[in-house]
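Written below as structure tokens is the structure these notes are about.
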Amino acid sequence: MPQRGGELPPSKRPKLASAAAPFSSGLRKAMLLAPPGAKRQPPPAMGIESQRRSLPIFQARGALLGQLRSLDCAVLIGETGSGKTTQIPQYLYEGGIGRQGIIAVTQPRRVAAISLATRVSDEKKTELGKLVGYTVRFEDLTSDETKIKFLTDGMLLREAIGDPLLHKYSVVILDEAHERTIHTDVLFGVVKAAQKKRKDLGKSPLKIIVMSATMDVDQFSQYFNGAPVLYLEGRQHSIQIFYAKQPQSDYLQAALVTIFQIHQEAPSSQDILVFLTGQEEIEAMAKTCHDIAKHLPDSCPPMVVMPLYASLPYSQQLRVFQAAPKGYRKVILSTNIAETSITIAGIKYVVDTGMVKAKKYTPESGLEVLAVQRVSKAQAWQRAGRAGREDSGLCYRLYTEDEFEKFDKMTVPEIQRCNLASVMLHLLALRIPNVLTFDFMSKPSPEAIQAAIEQLVLLGAAERKDDQLILTTLGRKMAAFPLEPKFSKTILMSPRFHCSEEILTIVSLLSVDSVLHNPLSRRDEVQAVRKKFISSEGDHITLFNIYRAFKNISGNREWCKENFVNSRNMMLVSDIRAQLRDICLKLSIPLESSRSDTGNIRRCLAHSLFMYTAELQLDGTYATTDTHQPVAIHPSSVLFHCKPACVTYNELLHTNKCYMRDLCVVDADWLYDAAPEYFRRKLKAAKN
DNA sequence: ACGGCAGAT
């Protein structure tokens, strides 16, 4: 264990001088699970079959099969490295369980679904896409022979819209259930209902296996009618936990001090992973680390600092997997992407700030807010676990043990933190008898459900009839698109304005993060280059101009670089557009171009997005048309310096003000034409 | 005069 208390010479530590080292003395310790005699991963030279046999789970194969054969539902708890995800589907198949159908294994992430399918097809010595395959968006590598199918949870949900009883599947394995993604949470209810209905109708049974890494298994078991919980041994190594001695007022400063304390004391071959909250914070911290590292005494090893966040180009993300040059220490500054999505070998130290940036939703205002907040205990344990992948590790928590005790036990599931319009539309499309009483494992608030339904009724996707909520013909079509309801509505409106080709492009552009790249340091350049695309009609038309220019040079990456366009996202836009176009063709939606008539495009947007509009007030500010909430034009909009009388916006971003993002200039008359009843009602409400 | 974690159909 490294010595504590050794500090930089005072002259060399200007940025650290005032900081109290969080770990100077009085360390508190705790231990994570440490299975006795845990073994290292077998060397890769070992044959594939002996590798399978050397996994801890292999010892339990017979017992597991015996149990799973007789159970309708089971909850399987296994630490990482137990081999449950690759082995259980094979055991079932080899044991002749569920052979009448397909064994589905869902994953929250595309890359996981693809790499697991590849691994399992290798183990079965079959070609990928034959016995073992995968289905993710834009890619389907399955065939009539496929019996073990890995797919994203979102993909199985989409399949369920076409076949709510999931007839082709005999077993559904919901993996990584502890992550509680919005899709997994909806799937819980969908598979549970499908299982019951198949039983009631005397159809072939559906077996449900929930796989999770968490220790909090009671709610899974309870939800699935008291399903038995089976435990599997894992290969997690021991991790020592250190808590801060006293509360830290500045977690960034505390992180900095801790990084350099470890750096001075530990052998340079031991890497450090630091959990921070966002891109800007990470970039700033990386710069500070560089600056300090330059002034360290010669006795200190040199340092390579690597930022890691999702919007970082892949080439730079990949750097974190490379070993640092000999004698250098690798310090990775990461968002929660390293909590689940990216696993880095060789991490000895984890520094946990205890903070995370996460979405919150307030149904009253319909606002989603992204805020820095405390992690949950479960999340803190997940972070600590990143230090014990190959060997024992150490985790420094920049908060006290008392503070930790006050953290929430579990992270609030995503389904309780976001707008539910899409989810409710899906449930209606799944022919759920009463969406208001849908059997969620963790129920969203009644307010959130009501707000979502309100939105669907406004869009014309659903209707209230004798206390019942019914999906309209329009709603059924909307559910066919992998989009937010307001965007699918816009597409379905576009034939009326003869601009479906343009709307397809615009909707695709709006449904990715951002195709524009705005490096702070090159602001003037960005502005100069972007000038040629700017439309006085707003951001939608501007984005459309950029896409057209991109297509004219047939997706040239050099062009993207010159024009500060994110080529990764631009390619995604292109794929999404092709997919949406296919769906339009299947629904016999006429595809027309409005040519140079942008007025029609804006009319179409106004008619479908009339509830996302704002008007200029006499005092020069803006207020939303429906609730008269004060809002402002976001400075990133091309309309920032303009004062159009009436605009539609894509979303409200709540930071220090309430900003409208992605604006389009519209005519107020269009809005009243689009929804006279709606605005009459709003006007009345405003007068009272 | 602002600035956005992660993931997916």
Side-chain angles (χ1 to χ4, degrees), chain A residues 106-113 135-140 151-162 176 179-187 275-284 308-312 317 334-342 353 355-360 368-373 375 379 382-383 411 413-415 417-418 422-423 425-426 429 478-485 487-488 508 511-514 516-520 523 526 566 569 572 575-576 579-580 582-583 632-637 640-641 651-662:
Chain A
T106 69
Q107 292 294 319
R109 286 168 290 281
R110 293 166 52 94
V111 276
T135 306
V136 296
R137 189 181 191 181
F138 306 128
E139 259 182 278
D140 180 11
L151 69 177
T152 44
D153 46 18
M155 203 66 203
L156 186 59
L157 207 51
R158 186 132 293 274
E159 285 189 8
I161 292 175
E176 310 285 9
E179 288 189 28
R180 303 295 304 273
T181 70
I182 195 160
H183 294 141
T184 312
D185 264 36
V186 178
L187 271 179
F275 283 101
L276 297 163
T277 69
Q279 173 177 351
E280 217 181 278
E281 188 176 280
I282 286 170
E283 293 296 352
L308 179 63
Y309 44 84
S311 60
L312 196 69
Q317 284 188 15
S334 175
T335 59
N336 38 352
I337 192 172
E339 231 170 77
T340 49
S341 311
I342 292 182
T353 56
M355 306 305 281
V356 67
K357 201 179 277 186
K359 203 179 268 178
K360 282 187 196 168
E368 289 181 329
V369 183
L370 205 58
V372 172
Q373 48 201 304
V375 296
Q379 231 175 333
Q382 177 72 25
R383 288 179 172 190
T411 309
E414 196 186 358
I415 198 145
R417 288 188 285 124
C418 56
S422 296
V423 168
L425 181 61
H426 278 151
M478 283 166 64
F481 289 92
L483 292 170
E484 275 182 59
F487 291 147
S488 41
S508 305
S511 60
V512 302
D513 277 341
S514 174
L516 306 180
H517 181 231
N518 298 311
L520 277 169
R523 183 173 299 191
V526 174
N566 181 326
N569 286 347
L572 184 59
D575 286 347
I576 291 173
Q579 187 187 26
L580 299 181
D582 276 352
I583 297 169
I633 298 179
H634 195 277
S636 67
S637 171
F640 182 59
H641 292 291
E651 63 174 356
L652 290 180
L653 178 73
H654 199 92
T655 49
N656 55 353
K657 259 192 202 173
C658 203
Y659 288 103
M660 300 178 278
R661 303 237 317 188
D662 296 317

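In what follows, chains are A, B, ... by sequence order, proteins preceding strands, each numbered from 1.
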Exercise. Between the side chain of Arg417(A) and the main-chain N/O of Lys359(A), is any donor-acceptor distance below 3.5 Å?
Worked result: yes
Assign [X] to base, sugar-phosphate, or nothing according to its heavy-atom contacts below 4.0 angstrom with the strands shown.
X	answer
Arg109(A)	sugar-phosphate
Arg661(A)	base
Glu651(A)	base
Lys657(A)	nothing
Ser636(A)	nothing
Ile337(A)	sugar-phosphate
Glu414(A)	base
Val372(A)	nothing
Arg523(A)	base

For this session: Ignoring the backbone of Phe640(A), work out which of dA1(B), dC2(B), dG4(B) is nearest its side chain.
Result: dA1(B)
Exercise. Which of these nucleotides, dT9(B), dC5(B), dG7(B), is closest to any side-chain atom of Ala310(A)?
Worked result: dG7(B)
Exercise. Is the closest side-chain donor-acceptor distance between Thr181(A) and His183(A) under 3.5 Å?
Worked result: no
Exercise. Do we see a donor-acceptor contact under 3.5 Å between the side chains of Thr340(A) and Glu179(A)?
Worked result: no
Exercise. Nearest nucleotide by nearest heavy atom, which residue falls closer to the 5' end of DNA chain B, Arg110(A) or His641(A)?
Worked result: His641(A)
Problem set entry | N-O pairing of Glu139(A) and Arg110(A) below 4.0 Å | yes
